Amino acid sequence: RIKVVLLRTPMVAPKMSHTFSICPPLGLAYLGAALQKADFEVTSIDALGEAPLQKIISENNNNFINVGLSTKQILQHLASKNFNVLFVSLMFSHDWPMSKSIIQTIKKKYPNVLLVCGGEHISASPEFCMKDCPEIDICVFGEGEETSVDLLKTFEQKKSLSGVNGIVFRSNKEIIRNPKRPRINKLDNISWPAWDLFPLENYLSNGLGYGCNPGRSMPIIVSRGCPYQCTFCSSPQMWTTKWQARNVECVLDEMQHYINKYKAQNFDFYDLTTIVRKDWIIEFCQKLIKKNWKITWQMPAGTRSEALNDETLGLMVLSGQRNISYAPESGSNITLQKIKKKIKIDRMKESISSALSKNMNVKLNLMMGFPHETHRELYQTLIFIKDAAVMGVNDIYVACFAPYPGSELFEQLYANGQIPDMN
């Protein structure tokens, strides 16, 4: 019988960091629910959630720390479990060296365990990960719920993996990539995250999450995908450009469940692009207002401004939206055009001004240092930052551009020889 352990590895952060944005593992929780629904026996080890305040100097680079359980502690947790399949979530590329080391240590101790990896980083570079880490048996790319269930049923029945779409696997010392699996069409049929598998209270009682901390915060996703094709983002490869939202009533039912079970006071929306359709967000806000739950909700991952006019923002405030993050990325129209960020700066400023007038806490996410940026374009972003400060924006995060594996810009830089060969 298949017995699965879901593993979330620790988080890597710069040694000098004073704060950390730590969120419960949504992807693994969704995967756990799908596997349980398919009658597989599932347990988990959340190395970050088990010890969110523990910091260890990284073995790979002493300029960084690992937040969470040590490798030795992870092995101690595994020793108490009876399992023959291990799923490892690999979300961020900067975690790869640390996660690879943990995988290699585990596989050395448990050589007969089927080791499967998935997540954003894996979806971006599955072949590279399997070459760089021969201990990995299978990579799942894209949405993991249906693929993982199909994979385990095929493995259990000892059938060929060639019929499982959405995976990369080894066969006769070769690495085989199967066709992509179509996106899940009916989001409302996906089981809610299996939070009972994870140490959720460690997150809730410590006020951990990516947004501001107004109390016990639950992560939630109300849509999947993004209709845009920004060149710095790996979303098109991970999700395609199909965006779809859940039914508003289904979202509210899940929120009610978390209020009842976990005494949730706030909800962090971790969608790639929460607000695409104005009619959806208006319906959501109107129905949430009628609930009178006296909760807050926020979008710490950033959102766009197209549907956020005075009417929409007014309803959002009344429904409990207090902290909003916009993602303009740049203050230069030329840069925005080159990175395919289809926004209008003037329209963005109007939406920001409206949000500020309603006493919302407004944050902006920007990037500087795109490969093609000139000094003039960088200066235009600095002017935009100055204008935002004058307007009264509360917080501005400026990141240095880093090429994400799986993004259009990464592929361009790699093809031009500006990124070292990964083979």
Side-chain angles (χ1 to χ4, degrees), residues 9 12-14 58-64 90-101 103-104 117-136 138-142 166-170 173-180 226 228-241 272 327-342 365-382 397-423:
T9 57
V12 175
S58 174
E59 296 178 0
N60 305 98
N61 188 327
N62 60 14
N63 290 317
F64 293 87
L90 296 165
M91 292 298 295
F92 302 109
S93 295
H94 65 263
D95 290 337
W96 172 244
M98 175 270 301
S99 297
K100 179 179 72 170
S101 176
I103 288 170
Q104 291 172 331
C117 293
E120 294 277 353
H121 176 70
I122 292 294
S123 295
S125 307
E127 289 90 352
F128 162 74
C129 292
M130 294 192 75
K131 290 176 183 177
D132 195 42
C133 185
E135 290 77 10
I136 297 175
I138 300 171
C139 284
V140 173
F141 60 92
I167 67 168
V168 176
F169 66 102
R170 301 182 191 278
K173 297 184 179 180
E174 292 186 9
I175 295 175
I176 309 296
R177 177 193 277 258
N178 286 350
K180 287 185 177 180
C226 177
Y228 304 100
Q229 300 182 53
C230 300
T231 61
F232 57 86
C233 183
S234 61
S235 170
Q237 179 165 320
M238 172 74 180
W239 297 97
T240 73
T241 55
L272 286 170
E329 311 302 354
S330 174
S332 165
N333 283 314
I334 294 174
T335 295
L336 291 172
Q337 183 179 8
K338 288 180 178 178
I339 64 175
K340 300 181 183 179
K341 183 78 178 185
K342 297 180 179 180
N365 295 327
L366 293 148
M367 267 191 283
M368 300 179 77
F370 291 104
H372 44 65
E373 269 192 313
T374 65
H375 286 90
R376 178 181 177 82
E377 290 156 14
L378 290 170
Y379 181 72
Q380 289 170 338
T381 295
L382 292 174
Y397 173 68
V398 183
C400 294
F401 166 75
Y404 282 5
S407 66
E408 183 178 328
L409 274 175
F410 181 95
E411 298 301 331
Q412 288 177 5
L413 293 169
Y414 181 66
N416 293 337
Q418 294 170 270
I419 292 176
D421 193 348
M422 299 198 307
N423 295 322

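Because the structure is a prediction, the values reported are computed rather than measured.
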Counting C-beta onward and ignoring hydrogens, is there a side-chain heavy-atom pair between [X] and [Y] closer than 4.5 Å?
X    : Y    : result
P14  : N63  : no
P403 : I419 : yes
I175 : K131 : yes
Y228 : T241 : no

### Query
Do S99 and T9 meet the criterion of a side-chain donor-acceptor pair at a distance under 3.5 Å?
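A pair is found: one side chain offers a donor N or O, the other an acceptor, under 3.5 Å apart.
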
### Query
Can you tell me if T231 and E408 form a side-chain donor-acceptor pair at under 3.5 Å?
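There is no such pair between these side chains.
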
With distance as the sole test, does [X] use its side chain to make a donor-acceptor pair with the main-chain N or O of [Y] at under 3.5 Å?
X    : Y    : value
D132 : F128 : no
Q337 : I334 : no
N365 : Y397 : no
S407 : F410 : yes

### Salt bridge E373-K338, side-chain N to carboxylate O under 4.0 Å
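Answer for the salt bridge query: no.
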
#### Entry: Result of checking C139, C117, C133 against L90 for side-chain contact (heavy atoms from CB on, under 4.5 Å)
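Exactly one pass, corresponding to C117.
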
Nearest 0.5 Å, please: how far is [atom2] in [Y] from [atom1] in [X]?
X    : Y    : atom1 : atom2 : value
S235 : Y404 : OG    : OH    : 12.5 Å
L336 : E377 : CG    : CD    : 10.0 Å
K340 : E329 : NZ    : CD    : 15.5 Å
T381 : R376 : OG1   : CZ    : 12.0 Å

### Task
Name all residues meeting the side-chain hydrogen bond (donor to acceptor under 3.5 Å, both in side chains) criterion together with E127; count only those two or more places apart in sequence or in a different chain, and write none if there are none.
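Expected list: R177.
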
